[in-house]
**Q** 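There's a structure below that I have some questions on.
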Amino acid sequence: MILSNTEEIPGRTIREFYGVVTGSTVRAKHIGRDFMASLKNLVGGELKGYTELLNEARQEALERMSEQARSIGANAVVNVRFSTSSVAQGAAELFAYGTAVKVD
Amino acid sequence: MEYRPRTPREGVNVSAVHPLSELVTLVLGISLAVVVLVVAAFAVIEVVIRWVPPSFESRVFASLWSADLGSEPEDPRFDAAAALLGRLESHWEENPYELRLAIMEEESANAFAVPGGTIYLTRGLLDSVESENELAFVLGHELGHFRNRDHLRSLGRGLIVSLALSALVGGSAAESLPQVVTALTESGFAREQEEDADAFGISLVQAEYGHVAGADGFFKRLPDANADIADEFASYLATHPVSEARIENLWSLAAENRWPLTGELTPLPR
Amino acid sequence: MTGAAIKLGFPLLLLFGTYLIGSAVEKTHYREIRIREARSRRFPTVNFRTPPKSWNIVGAEMVAGNVVISIDYFKRFLAGLRMLFGGRVASYESLLDRARREAILRMKETAFERGYNAVINVRIETSRLASSNRKGEGTAGVEILAFGTAVKFAK
């Protein structure tokens, strides 16, 4: 599955397009990560625990979006966009969407 | 490029787990974690208590003796009670404490031991005990708490558990589950404490009077809202074991030690 | 005994009750969504900006569809437990999935009713509405907004 956040895949032509496909996942941090984060908030620096967490979640969202695209016979998703929003105190939704297309 | 209408597969963006099974797994997992945490915290407290000598305790907590909580009134009943406390203490050889008695002006009958060496009785209790023997058991029970350092334990446990809970869970919506599990675990330990204090109390009564008659008077008069000895659940949640069970334990302990169950009761001055 | 029974029983009853009602509502909603999606299959909805050259566009208008959903007691309780452990909050995923599909459908249907033939440059925004109690920590609802440019072809 080719993913791109441009309108066209550079060097390829889009033959067919199928519509918007989405991938989302809702993840919560756990107590351990939260605790380390509050310590880090005293000294500053990268919150590695959260970085990992959000990375994993974003990967999963992309994977689900590709899954939707695959199920309709597409081989690429263009114009991929991300959106992160908090849905509850301590949980965030990672959302990726794009247009599923077939390129040659 | 051409448009081809297609519908993606259903269910890609939802997890396949059934909500009820997830609920059961989470509840069990969290309860287990909380029980482990509480037991570990209690074990830590046990170790810490061993290192807190009574002299240190008296020094640090002596300021808790505040005239606002209770007082030493001028009446013969109080004087008799204070003298009784002194006599009971003399039967406890390794007593490291300097204990004092104070009265809280409250109608309900209650008694408790406070770090630093003060025993508080409510006015309601002082007025309602029918014999010196009954009061002796109540005081002896509190002496038992001092002997076992229970008052320090409760303080330490309360502190650690509430700190840990608020640090880990605090503010989250699902506080209720950890709180309930903590309360259940705590009350299990608390019952054992009360039973041990009872045993010491009655041994002091025996030492003072040569018999244990009248010691259960206090229990007999405690209002028992959920008094059903088969009511395991309610009595488990209450930190004081149901009175019937406690009375039975007293008598079986007395029987084991062959302490006389009858004898003359000493009255208290009005 | 009755005291303890009421203390534990009422929340359990509430949990179970809202679970049953919530899952019934969810099933009905999903069924309805699937029907409407099937009906609107032929209506192109894409998120790129440049329309295909074959489309002869004679009119365009921005359209939007939005929905605000509330989180039922059971889902909220389950999520609260999950947030102690961490991991995927499955109870919210189905909620957000439904809401998103509903918002996109509303956008499509609005465009269709106004006589347009497709929607391009679709964007989707999600926001949490904080509840006024619990110092703004609770969630009163989640809003999903789907908006894009509806275009009309020359026939």
**Q** Grab the two heavy atoms, one from B:Arg4 and one from A:Tyr18, that are nearest each other, plus how far apart they are.
**A**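 It is O-CD2, 3.4 Å.
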**Q** If you count every heavy atom of other residues, nucleotides or ligands that lies below 6.0 Å from B:Glu105 atom CD, does the total exceed 12?
**A**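 Yes, the 6.0 Å shell around CD holds more than 12 heavy atoms from other groups.
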**Q** Any side-chain heavy atom of B:Arg9 within less than 4.5 Å of one from A:Glu67?
**A**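 Heavy-atom side-chain distance check passes, below 4.5 Å.
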**Q** Could you list the residues that satisfy side chain to side chain donor-acceptor pair (under 3.5 Å) with A:Thr84, not counting sequence neighbours?
**A**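 Partners of A:Thr84 under the side chain to side chain donor-acceptor pair (under 3.5 Å) test: none.
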**Q** Can a donor-acceptor pair be found, under 3.5 Å and without considering hydrogens, that links the side chain of B:Arg6 to the backbone of A:Ile72?
**A** yes
**Q** So which heavy atom on A:Ser71 is nearest to which on B:Pro8, and how close?
**A** OG-CA, 3.6 Å
**Q** With a 4.5 angstrom heavy-atom cut-off, could you sort out which part of A:Ser24 is near chain B: side chain, backbone, both or neither?
**A** both
**Q** Closer than 3.5 angstrom, by distance alone: can the side chain of B:Asn13 be matched with the main-chain N or O of A:Thr22 as a donor-acceptor pair?
**A** yes
**Q** As an exercise, state the distance from CD of B:Glu2 to NZ of A:Lys102, rounded to the nearest 0.5 Å.
**A**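 So the gap between those two atoms works out to 12.0 Å.
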**Q** For A:Arg64, which atoms come within 4.5 Å of any heavy atom of chain B: side chain, backbone, both, or neither?
**A**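 When you check distances to chain B, atoms from both the backbone and side chain of A:Arg64 fall under 4.5 Å.
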